[in-house]
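Taking it in order: structure first as C-alpha coordinates, then the write-up.
Each chain gets a letter, A, B and so on, in the order its sequence line appears, and its residues count up from 1.
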There are 2 protein chains.
Amino acid sequence: MANHTSSGSYHHGDLKNALLQAGEQLLAEKGITAVSLRDVARAAGVSHTAPYRHFRNKAALLRALALTGFVRLNGELAEVHVREKLGPERQLAETAVGYVRFAMTNPEMFRLMFGGMVTADGDAEYLAASQAILAWLDEIMRAGIAVGVFRDRDAGELAQVAWTSMHGLATLLMSGAMGISVADREQPGKLVRVVMQHIIYGLSR
Amino acid sequence: MANHTSSGSYHHGDLKNALLQAGEQLLAEKGITAVSLRDVARAAGVSHTAPYRHFRNKAALLRALALTGFVRLNGELAEVHVREKLGPERQLAETAVGYVRFAMTNPEMFRLMFGGMVTADGDAEYLAASQAILAWLDEIMRAGIAVGVFRDRDAGELAQVAWTSMHGLATLLMSGAMGISVADREQPGKLVRVVMQHIIYGLSR
DNA sequence: ACCTGAACACCGTTCAAGT
DNA sequence: ACCTGAACACCGTTCAAGT
(Lines give C-alpha, C1' and ligand atoms only; values in the text may rest on other atoms or scores of the structure.)
Protein backbone atom coordinates (compact mmCIF):
# COMPACT_ATOMS: atom_id res chain seq x y z
CA MET A 1 0.00 0.00 0.00
CA ALA A 2 1.38 3.45 0.97
CA ASN A 3 1.93 6.12 -1.65
CA HIS A 4 3.03 5.25 -5.17
CA THR A 5 5.53 7.65 -6.62
CA SER A 6 4.13 9.64 -9.50
CA SER A 7 6.19 7.86 -12.16
CA GLY A 8 4.42 4.84 -13.57
CA SER A 9 7.52 2.68 -13.56
CA TYR A 10 8.11 2.46 -9.77
CA HIS A 11 10.58 -0.33 -9.24
CA HIS A 12 8.57 -1.19 -6.19
CA GLY A 13 7.01 2.03 -4.97
CA ASP A 14 8.21 2.39 -1.41
CA LEU A 15 10.22 -0.72 -0.72
CA LYS A 16 11.31 0.41 2.71
CA ASN A 17 7.77 0.48 4.04
CA ALA A 18 6.85 -2.67 2.13
CA LEU A 19 9.70 -4.44 3.92
CA LEU A 20 8.59 -3.18 7.31
CA GLN A 21 5.03 -4.30 6.68
CA ALA A 22 6.11 -7.72 5.46
CA GLY A 23 8.44 -7.96 8.45
CA GLU A 24 5.68 -7.17 10.91
CA GLN A 25 3.42 -9.83 9.47
CA LEU A 26 6.14 -12.48 9.37
CA LEU A 27 7.13 -11.57 12.91
CA ALA A 28 3.61 -12.22 14.17
CA GLU A 29 3.23 -15.39 12.12
CA LYS A 30 6.55 -17.13 12.49
CA GLY A 31 8.11 -15.59 15.56
CA ILE A 32 11.21 -13.54 16.08
CA THR A 33 13.67 -16.43 15.78
CA ALA A 34 12.19 -17.76 12.54
CA VAL A 35 11.94 -14.54 10.55
CA SER A 36 14.80 -14.21 8.07
CA LEU A 37 15.83 -11.27 5.97
CA ARG A 38 15.39 -13.44 2.91
CA ASP A 39 11.83 -14.25 3.96
CA VAL A 40 11.03 -10.57 4.32
CA ALA A 41 12.45 -9.79 0.90
CA ARG A 42 10.54 -12.70 -0.59
CA ALA A 43 7.29 -11.50 0.97
CA ALA A 44 7.90 -8.04 -0.43
CA GLY A 45 8.54 -9.50 -3.87
CA VAL A 46 12.17 -8.47 -4.30
CA SER A 47 15.49 -10.25 -4.39
CA HIS A 48 17.11 -11.16 -1.10
CA THR A 49 19.73 -8.46 -1.46
CA ALA A 50 17.37 -5.59 -2.16
CA PRO A 51 16.78 -4.80 1.54
CA TYR A 52 20.41 -3.75 1.85
CA ARG A 53 19.61 -0.66 -0.17
CA HIS A 54 17.32 0.49 2.68
CA PHE A 55 18.73 -1.11 5.84
CA ARG A 56 22.38 -1.56 6.75
CA ASN A 57 21.71 -5.15 7.83
CA LYS A 58 19.13 -7.42 9.40
CA ALA A 59 19.60 -5.83 12.82
CA ALA A 60 18.75 -2.40 11.39
CA LEU A 61 15.52 -3.75 9.90
CA LEU A 62 14.55 -5.31 13.23
CA ARG A 63 15.37 -2.08 15.01
CA ALA A 64 13.07 -0.15 12.68
CA LEU A 65 10.40 -2.78 13.23
CA ALA A 66 10.71 -2.43 17.00
CA LEU A 67 10.22 1.31 16.68
CA THR A 68 6.88 0.79 14.91
CA GLY A 69 5.97 -1.41 17.87
CA PHE A 70 6.64 1.41 20.29
CA VAL A 71 4.47 3.72 18.23
CA ARG A 72 1.62 1.22 18.34
CA LEU A 73 1.99 0.61 22.08
CA ASN A 74 2.03 4.32 22.84
CA GLY A 75 -1.05 4.69 20.70
CA GLU A 76 -2.92 2.04 22.66
CA LEU A 77 -1.92 3.57 25.99
CA ALA A 78 -3.18 6.91 24.73
CA GLU A 79 -6.54 5.31 23.97
CA VAL A 80 -6.82 4.16 27.56
CA HIS A 81 -6.21 7.71 28.65
CA VAL A 82 -8.99 9.10 26.49
CA ARG A 83 -11.43 6.37 27.43
CA GLU A 84 -10.91 6.54 31.15
CA LYS A 85 -11.84 9.68 33.06
CA LEU A 86 -12.06 7.89 36.35
CA GLY A 87 -9.22 9.30 38.34
CA PRO A 88 -5.53 8.45 38.49
CA GLU A 89 -5.78 5.12 40.32
CA ARG A 90 -8.21 3.60 37.86
CA GLN A 91 -6.26 5.14 35.01
CA LEU A 92 -3.07 3.52 36.21
CA ALA A 93 -4.75 0.15 36.60
CA GLU A 94 -6.26 0.28 33.11
CA THR A 95 -2.96 1.41 31.62
CA ALA A 96 -1.37 -1.69 33.13
CA VAL A 97 -4.13 -3.86 31.70
CA GLY A 98 -3.57 -2.28 28.29
CA TYR A 99 0.18 -2.70 28.55
CA VAL A 100 -0.10 -6.37 29.41
CA ARG A 101 -2.75 -6.92 26.77
CA PHE A 102 -0.46 -5.43 24.14
CA ALA A 103 2.26 -7.83 25.23
CA MET A 104 -0.06 -10.84 25.18
CA THR A 105 -1.63 -10.04 21.83
CA ASN A 106 1.66 -9.06 20.16
CA PRO A 107 4.07 -11.36 21.98
CA GLU A 108 6.71 -11.50 19.25
CA MET A 109 6.66 -7.76 18.75
CA PHE A 110 6.93 -7.20 22.49
CA ARG A 111 9.87 -9.60 22.63
CA LEU A 112 11.53 -7.72 19.80
CA MET A 113 10.98 -4.42 21.61
CA PHE A 114 12.28 -5.49 25.01
CA GLY A 115 13.98 -8.86 24.54
CA GLY A 116 17.48 -7.54 24.09
CA MET A 117 17.85 -8.02 20.32
CA VAL A 118 17.30 -4.30 20.06
CA THR A 119 18.83 -2.14 22.77
CA ALA A 120 18.96 1.52 23.71
CA ASP A 121 22.77 1.50 23.70
CA GLY A 122 23.44 4.85 22.13
CA ASP A 123 20.30 4.53 20.02
CA ALA A 124 18.53 7.82 20.54
CA GLU A 125 15.43 6.77 18.61
CA TYR A 126 14.89 3.65 20.69
CA LEU A 127 15.52 5.55 23.90
CA ALA A 128 13.06 8.28 22.94
CA ALA A 129 10.42 5.72 21.98
CA SER A 130 10.72 3.88 25.28
CA GLN A 131 10.95 7.03 27.34
CA ALA A 132 7.62 8.08 25.86
CA ILE A 133 6.02 5.29 27.90
CA LEU A 134 7.66 6.58 31.04
CA ALA A 135 6.60 10.16 30.27
CA TRP A 136 3.09 8.87 29.90
CA LEU A 137 3.09 7.23 33.32
CA ASP A 138 4.75 10.31 34.73
CA GLU A 139 1.76 12.35 33.65
CA ILE A 140 -0.65 10.03 35.41
CA MET A 141 1.40 10.06 38.60
CA ARG A 142 1.75 13.83 38.53
CA ALA A 143 -2.01 14.22 38.20
CA GLY A 144 -2.52 11.75 41.03
CA ILE A 145 -0.15 13.66 43.28
CA ALA A 146 -1.83 16.94 42.39
CA VAL A 147 -5.29 15.77 43.45
CA GLY A 148 -3.84 14.13 46.55
CA VAL A 149 -4.47 10.46 45.84
CA PHE A 150 -0.81 9.51 45.36
CA ARG A 151 2.00 10.09 47.83
CA ASP A 152 3.83 13.37 47.37
CA ARG A 153 7.08 11.95 46.06
CA ASP A 154 9.06 12.53 42.91
CA ALA A 155 6.60 11.68 40.12
CA GLY A 156 9.38 10.13 38.03
CA GLU A 157 10.11 7.74 40.86
CA LEU A 158 6.49 6.67 41.13
CA ALA A 159 6.34 6.29 37.36
CA GLN A 160 9.32 3.93 37.49
CA VAL A 161 7.53 1.84 40.11
CA ALA A 162 4.44 1.69 37.93
CA TRP A 163 6.33 0.81 34.75
CA THR A 164 8.41 -1.80 36.56
CA SER A 165 5.27 -3.49 37.83
CA MET A 166 3.34 -3.71 34.58
CA HIS A 167 6.46 -4.69 32.66
CA GLY A 168 7.26 -7.41 35.15
CA LEU A 169 3.73 -8.73 34.85
CA ALA A 170 3.93 -8.77 31.06
CA THR A 171 7.30 -10.48 30.80
CA LEU A 172 6.63 -13.00 33.55
CA LEU A 173 3.27 -13.94 32.08
CA MET A 174 4.74 -14.34 28.62
CA SER A 175 7.49 -16.65 29.80
CA GLY A 176 4.91 -18.85 31.46
CA ALA A 177 6.98 -18.77 34.64
CA MET A 178 3.99 -17.58 36.64
CA GLY A 179 2.35 -20.93 36.04
CA ILE A 180 -0.48 -19.32 34.10
CA SER A 181 -0.60 -20.75 30.58
CA VAL A 182 -0.42 -18.16 27.84
CA ALA A 183 -3.47 -19.71 26.24
CA ASP A 184 -5.60 -18.77 29.23
CA ARG A 185 -7.38 -15.54 28.34
CA GLU A 186 -9.10 -14.80 31.63
CA GLN A 187 -6.42 -15.24 34.26
CA PRO A 188 -3.97 -12.56 33.06
CA GLY A 189 -6.41 -9.68 33.40
CA LYS A 190 -7.33 -10.85 36.86
CA LEU A 191 -3.72 -11.18 37.96
CA VAL A 192 -2.87 -7.76 36.57
CA ARG A 193 -5.69 -6.13 38.53
CA VAL A 194 -4.78 -7.95 41.74
CA VAL A 195 -1.11 -7.03 41.53
CA MET A 196 -1.79 -3.45 40.47
CA GLN A 197 -4.18 -3.07 43.39
CA HIS A 198 -1.28 -3.75 45.74
CA ILE A 199 1.00 -1.42 43.80
CA ILE A 200 -1.56 1.35 43.83
CA TYR A 201 -2.14 0.85 47.52
CA GLY A 202 1.59 1.38 48.03
CA LEU A 203 1.67 4.47 45.89
CA SER A 204 -1.37 6.00 47.61
CA ARG A 205 -1.33 8.10 50.73
CA MET B 1 35.60 -32.33 33.96
CA ALA B 2 32.83 -34.33 35.71
CA ASN B 3 33.22 -38.06 36.30
CA HIS B 4 35.08 -40.29 33.89
CA THR B 5 33.52 -43.68 33.38
CA SER B 6 35.65 -46.49 34.76
CA SER B 7 36.61 -47.86 31.33
CA GLY B 8 39.81 -46.33 30.00
CA SER B 9 38.42 -45.86 26.50
CA TYR B 10 35.73 -43.22 27.24
CA HIS B 11 34.78 -41.74 23.88
CA HIS B 12 34.45 -38.46 25.64
CA GLY B 13 33.67 -39.21 29.25
CA ASP B 14 30.40 -37.41 29.87
CA LEU B 15 29.64 -35.56 26.67
CA LYS B 16 26.26 -34.34 27.83
CA ASN B 17 27.77 -32.31 30.65
CA ALA B 18 30.70 -31.23 28.51
CA LEU B 19 28.21 -29.80 26.01
CA LEU B 20 26.31 -27.96 28.71
CA GLN B 21 29.50 -26.47 30.09
CA ALA B 22 30.71 -25.42 26.67
CA GLY B 23 27.27 -24.02 25.96
CA GLU B 24 27.23 -21.94 29.11
CA GLN B 25 30.60 -20.41 28.32
CA LEU B 26 29.73 -19.66 24.70
CA LEU B 27 26.42 -18.19 25.84
CA ALA B 28 28.18 -15.72 28.12
CA GLU B 29 30.87 -14.91 25.55
CA LYS B 30 28.96 -14.63 22.29
CA GLY B 31 25.38 -14.07 23.33
CA ILE B 32 22.25 -16.10 22.84
CA THR B 33 21.75 -15.22 19.18
CA ALA B 34 25.32 -16.07 18.18
CA VAL B 35 25.72 -19.45 19.87
CA SER B 36 25.31 -22.29 17.39
CA LEU B 37 25.00 -25.98 18.03
CA ARG B 38 28.05 -26.50 15.84
CA ASP B 39 30.03 -24.06 17.98
CA VAL B 40 29.10 -25.96 21.11
CA ALA B 41 30.12 -29.29 19.57
CA ARG B 42 33.37 -27.75 18.37
CA ALA B 43 34.14 -26.38 21.85
CA ALA B 44 33.49 -29.82 23.32
CA GLY B 45 35.79 -31.41 20.78
CA VAL B 46 33.27 -33.58 18.95
CA SER B 47 31.70 -33.58 15.52
CA HIS B 48 28.76 -31.28 14.93
CA THR B 49 26.30 -34.17 14.92
CA ALA B 50 27.39 -35.73 18.19
CA PRO B 51 25.10 -33.54 20.34
CA TYR B 52 22.07 -35.22 18.76
CA ARG B 53 22.92 -38.35 20.72
CA HIS B 54 22.19 -36.40 23.94
CA PHE B 55 19.71 -33.69 22.96
CA ARG B 56 16.81 -34.00 20.57
CA ASN B 57 17.75 -30.70 18.92
CA LYS B 58 19.22 -27.28 19.60
CA ALA B 59 16.15 -26.15 21.50
CA ALA B 60 16.50 -29.07 23.90
CA LEU B 61 20.12 -28.13 24.63
CA LEU B 62 19.11 -24.53 25.31
CA ARG B 63 16.31 -25.71 27.55
CA ALA B 64 18.74 -27.79 29.61
CA LEU B 65 21.06 -24.80 29.75
CA ALA B 66 18.26 -22.58 31.03
CA LEU B 67 17.54 -25.08 33.79
CA THR B 68 21.13 -24.83 35.05
CA GLY B 69 20.55 -21.07 35.13
CA PHE B 70 17.53 -21.50 37.39
CA VAL B 71 19.58 -23.69 39.72
CA ARG B 72 22.26 -21.01 39.93
CA LEU B 73 19.76 -18.19 40.50
CA ASN B 74 17.97 -20.12 43.23
CA GLY B 75 21.35 -20.79 44.83
CA GLU B 76 22.20 -17.10 44.89
CA LEU B 77 18.82 -16.17 46.36
CA ALA B 78 19.36 -18.80 49.05
CA GLU B 79 22.67 -17.14 49.93
CA VAL B 80 20.88 -13.85 50.50
CA HIS B 81 18.56 -15.65 52.88
CA VAL B 82 21.39 -17.08 54.95
CA ARG B 83 23.35 -13.84 54.99
CA GLU B 84 20.49 -11.58 56.00
CA LYS B 85 18.82 -12.03 59.34
CA LEU B 86 17.39 -8.55 59.37
CA GLY B 87 13.68 -9.09 59.10
CA PRO B 88 11.39 -9.68 56.15
CA GLU B 89 11.47 -6.18 54.65
CA ARG B 90 15.23 -6.04 54.41
CA GLN B 91 15.28 -9.63 53.24
CA LEU B 92 12.89 -8.83 50.41
CA ALA B 93 14.91 -5.79 49.37
CA GLU B 94 18.17 -7.74 49.32
CA THR B 95 16.54 -10.59 47.42
CA ALA B 96 15.53 -8.08 44.77
CA VAL B 97 19.06 -6.71 44.64
CA GLY B 98 20.41 -10.23 44.23
CA TYR B 99 17.83 -11.04 41.57
CA VAL B 100 18.70 -7.96 39.54
CA ARG B 101 22.42 -8.50 40.04
CA PHE B 102 22.09 -12.03 38.68
CA ALA B 103 20.35 -10.63 35.62
CA MET B 104 22.96 -7.92 35.09
CA THR B 105 25.98 -10.20 35.56
CA ASN B 106 24.50 -13.05 33.51
CA PRO B 107 22.45 -11.14 30.96
CA GLU B 108 22.51 -13.78 28.24
CA MET B 109 21.62 -16.56 30.65
CA PHE B 110 18.79 -14.46 32.06
CA ARG B 111 17.52 -13.78 28.56
CA LEU B 112 17.63 -17.48 27.82
CA MET B 113 15.71 -18.24 31.01
CA PHE B 114 12.96 -15.67 30.54
CA GLY B 115 13.27 -14.36 26.98
CA GLY B 116 10.75 -16.71 25.44
CA MET B 117 13.12 -19.07 23.61
CA VAL B 118 12.42 -21.49 26.42
CA THR B 119 8.88 -21.59 27.78
CA ALA B 120 6.94 -23.40 30.48
CA ASP B 121 4.39 -24.67 27.94
CA GLY B 122 3.86 -28.16 29.27
CA ASP B 123 7.47 -28.33 30.42
CA ALA B 124 7.21 -29.52 33.99
CA GLU B 125 10.92 -29.09 34.70
CA TYR B 126 10.97 -25.46 33.62
CA LEU B 127 7.79 -24.74 35.56
CA ALA B 128 9.16 -26.36 38.70
CA ALA B 129 12.43 -24.43 38.37
CA SER B 130 10.68 -21.10 38.01
CA GLN B 131 8.09 -21.83 40.67
CA ALA B 132 10.97 -22.40 43.10
CA ILE B 133 11.63 -18.66 42.92
CA LEU B 134 8.04 -17.93 43.76
CA ALA B 135 8.06 -20.44 46.63
CA TRP B 136 11.09 -18.67 47.93
CA LEU B 137 9.39 -15.28 47.95
CA ASP B 138 6.31 -16.90 49.41
CA GLU B 139 8.35 -17.97 52.39
CA ILE B 140 9.60 -14.44 52.98
CA MET B 141 6.11 -13.00 52.71
CA ARG B 142 4.64 -15.63 55.01
CA ALA B 143 7.27 -14.86 57.63
CA GLY B 144 6.58 -11.15 57.24
CA ILE B 145 2.87 -11.66 57.71
CA ALA B 146 3.49 -13.86 60.77
CA VAL B 147 5.53 -11.21 62.56
CA GLY B 148 3.07 -8.53 61.52
CA VAL B 149 5.18 -6.38 59.22
CA PHE B 150 3.32 -7.30 56.01
CA ARG B 151 -0.39 -6.97 55.37
CA ASP B 152 -2.41 -10.03 56.23
CA ARG B 153 -3.26 -11.07 52.69
CA ASP B 154 -2.71 -14.25 50.75
CA ALA B 155 1.06 -14.77 50.89
CA GLY B 156 1.09 -16.09 47.32
CA GLU B 157 -0.46 -12.87 46.14
CA LEU B 158 2.16 -10.75 47.89
CA ALA B 159 4.87 -13.01 46.48
CA GLN B 160 3.55 -12.38 42.97
CA VAL B 161 3.74 -8.64 43.59
CA ALA B 162 7.32 -8.99 44.80
CA TRP B 163 8.42 -11.18 41.93
CA THR B 164 6.73 -8.96 39.39
CA SER B 165 8.58 -5.94 40.71
CA MET B 166 12.09 -7.34 40.77
CA HIS B 167 11.58 -9.06 37.43
CA GLY B 168 10.32 -5.86 35.87
CA LEU B 169 13.33 -4.02 37.21
CA ALA B 170 15.71 -6.62 35.82
CA THR B 171 14.19 -6.80 32.34
CA LEU B 172 13.66 -3.07 31.96
CA LEU B 173 17.22 -2.32 33.08
CA MET B 174 18.64 -4.90 30.69
CA SER B 175 16.77 -3.52 27.71
CA GLY B 176 18.15 -0.09 28.45
CA ALA B 177 14.64 1.32 28.18
CA MET B 178 14.93 2.91 31.62
CA GLY B 179 17.56 5.24 30.25
CA ILE B 180 20.20 3.83 32.56
CA SER B 181 23.09 2.44 30.53
CA VAL B 182 23.90 -1.18 31.26
CA ALA B 183 27.54 -0.21 31.71
CA ASP B 184 26.66 1.90 34.73
CA ARG B 185 27.39 -0.22 37.77
CA GLU B 186 26.12 2.10 40.50
CA GLN B 187 22.73 3.27 39.30
CA PRO B 188 20.97 -0.12 39.08
CA GLY B 189 21.43 -0.98 42.77
CA LYS B 190 20.18 2.43 43.72
CA LEU B 191 17.13 2.19 41.48
CA VAL B 192 16.32 -1.27 42.78
CA ARG B 193 16.37 -0.08 46.37
CA VAL B 194 14.26 2.98 45.60
CA VAL B 195 11.62 1.01 43.74
CA MET B 196 11.57 -1.82 46.26
CA GLN B 197 11.13 0.72 49.04
CA HIS B 198 7.86 1.79 47.45
CA ILE B 199 6.81 -1.82 46.89
CA ILE B 200 7.60 -2.77 50.47
CA TYR B 201 5.72 0.26 51.72
CA GLY B 202 2.70 -0.98 49.82
CA LEU B 203 3.01 -4.50 51.15
CA SER B 204 3.40 -3.32 54.74
CA ARG B 205 0.65 -2.55 57.21
C1' DA C 1 26.08 -47.27 22.61
C1' DC C 2 28.37 -43.55 20.75
C1' DC C 3 30.31 -40.89 17.24
C1' DT C 4 31.54 -39.37 12.20
C1' DG C 5 31.05 -37.39 7.34
C1' DA C 6 28.49 -36.33 3.56
C1' DA C 7 24.44 -34.23 2.13
C1' DC C 8 20.35 -30.99 2.09
C1' DA C 9 18.02 -26.89 2.47
C1' DC C 10 18.59 -23.07 4.43
C1' DC C 11 20.98 -18.46 6.42
C1' DG C 12 23.39 -13.15 6.34
C1' DT C 13 26.41 -10.49 3.76
C1' DT C 14 29.44 -8.86 -0.13
C1' DC C 15 30.26 -7.51 -4.70
C1' DA C 16 30.32 -7.02 -9.55
C1' DA C 17 26.95 -6.17 -12.81
C1' DG C 18 22.73 -4.67 -14.97
C1' DT C 19 18.83 -0.83 -15.98
C1' DA D 1 19.24 5.39 -7.68
C1' DC D 2 17.66 0.94 -7.28
C1' DC D 3 17.73 -3.83 -7.92
C1' DT D 4 19.71 -8.65 -9.35
C1' DG D 5 22.56 -13.06 -9.28
C1' DA D 6 26.43 -15.49 -8.13
C1' DA D 7 29.40 -16.48 -4.49
C1' DC D 8 31.13 -17.24 0.39
C1' DA D 9 31.11 -18.89 4.84
C1' DC D 10 28.13 -20.22 7.70
C1' DC D 11 23.68 -22.69 9.92
C1' DG D 12 20.30 -27.03 11.91
C1' DT D 13 19.03 -31.52 10.89
C1' DT D 14 18.98 -36.22 8.71
C1' DC D 15 20.98 -40.48 7.57
C1' DA D 16 23.96 -44.14 6.27
C1' DA D 17 28.06 -45.76 7.98
C1' DG D 18 31.82 -46.83 11.08
C1' DT D 19 33.84 -48.72 15.92
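What separates CG of B/Leu19 from P of D/dG12 is a distance of 13 Å, to the nearest Å. When rounded to the nearest whole Å, the span between CG of B/Leu26 and C1' of D/dC11 equals 15 Å. As a whole-Å value, the separation of A/His48 NE2 from D/dC3 C1' is 12 Å. Between A/Arg42 atom CZ and D/dT4 atom C1' there is a gap of 15 Å when expressed in whole angstrom units. One interatomic measurement links the two molecules: CZ of B/Arg38 to P of C/dC8, which rounds to 14 Å at whole-angstrom precision. Atom CG in B/Leu61 sits roughly 14 Å away from atom P in D/dC11 (whole-Å rounding).
We find that A/Arg151 and A/Glu157 are not joined by a salt bridge, their nearest charged nitrogen and carboxylate oxygen being 4.0 Å or further apart. At a threshold of 4.0 Å, the pair A/Glu108-A/Lys30 does not count as salt-bridged, since none of the basic side-chain nitrogens sits closer than that to a carboxylate oxygen. Salt-bridge annotation for B/Glu94 and B/Arg101: absent, with no side-chain N of the basic residue lying under 4.0 Å from a carboxylate O of the acidic one.
With distances taken from any side-chain atom of A/Tyr52 to the nucleotides C/dT4, C/dT14, D/dC2, the minimum falls on C/dT14.
Within the nucleic acid shown, A/His54 comes within 4.0 Å of sugar-phosphate atoms alone, with no base atom in reach, counting heavy atoms only.
Toward the 5' end of DNA chain C, the nearer of the two residues A/Val35 and A/Arg53, judged by each one's closest nucleotide, is A/Val35.
A side-chain hydrogen bond (donor to acceptor under 3.5 Å, both in side chains) with A/Arg63 is found for exactly one of A/Asn57, A/Thr119, A/Asp123, namely A/Asp123.
C/dA1 and D/dT19 make up a base pair, with Watson-Crick or G-U wobble contacts both under 3.5 Å. If you check C/dG12 for Watson-Crick or wobble pairing at under 3.5 angstrom, you find it paired to D/dC8.
A/Ser36 contributes no side-chain N or O that forms a donor-acceptor pair with the base of C/dG12 under 3.5 Å.
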